[in-house]
> 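Starting off with a structure, shown below.
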Amino acid sequence: MKQYWLVKSEPSAYSWDDLVRDGRTSWTGVRNFTARNNLRAMQEGDEVLFYHSVVGKTVVGVAKVVRTAYRDATAKEGDWSAVDIAPIKPLKQPVTLEQIKTVPQLTEIALLRLSRLSVQPLGEPEFRQIVRLGGG
DNA sequence: GCCAACGTTGGC
DNA sequence: GCCAACGTTGGC
């Protein structure tokens, strides 16, 4: 069964445009147990919203998981994982955090409730709703 | 095993 | 730039 996720990145570190340019990327650097466990739960084909934190504070595109969890080679110590993601399509209209806050059906999502979690699960209805807000 | 101190994230 | 939230670390 297909699952839905949201990943966050500061665009100054790695942006949607970087992902588009690269074609696909290894999602490394996660150093939080909850986020890591979410990475490990991802299946190929799962869809992933790409959120720009700090600068923009917008959901900017939809990506997909193209390789399930494997060891994060950037980790010097500890048991950390990475997945590979590839872009599917940008949102026609980036969806702002402010916008998301105004939607009653979205007030419970992790982006609002657990704002620091960098890899979050998202229900299919919530995923679709955000994509729709983005004109997709 | 508790909890204070500390570090980081990320919205404002 | 500030600070709240919260995860992690380390002393006891």
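Numbered from 1 within each chain, the chains take letters A, B, ... in sequence-line order. Note that these values count all heavy atoms, side chains included, but never hydrogens, waters or copies made by symmetry.
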> Side-chain donor-acceptor pair under 3.5 Å between A/Thr34 and A/Arg116, yes or no?
no

> I'd like a table of donor-acceptor pairs (distance under 3.5 Å, sequence neighbours excluded) in which one partner is a side-chain atom from residues 88-95 of chain A, with atom names and distances.
| unit_1 | atom_1 | unit_2 | atom_2 | d |
| --- | --- | --- | --- | --- |
| A/Lys92 | NZ | A/Gly135 | O | 2.8 |

> Look at atom CD of A/Glu98 and say whether more than 12 heavy atoms of other residues, nucleotides or ligands are closer to it than 6.0 Å.
no

> Counting any heavy atom closer than 4.0 Å, what does A/Leu114 reach on the DNA or RNA strands: base, sugar-phosphate only, or nothing?
nothing

> Does the side chain of A/Pro11 reach to within under 4.5 Å of the side chain of A/Trp16, using non-hydrogen atoms?
no

> Could you tell me from which nucleotide to which nucleotide of DNA chain C, 5' to 3', there is an atom under 4.0 Å from chain A heavy atoms?
C/dA5 to C/dT8

> Which part of the nucleic acid does A/Lys57 contact within heavy-atom distance under 4.0 Å: base, sugar-phosphate only, or nothing?
base

> Tell me whether A/Gln3 contacts the main-chain N or O of A/Ala41 through its side chain, where contact means a donor paired with an acceptor under 3.5 Å.
yes

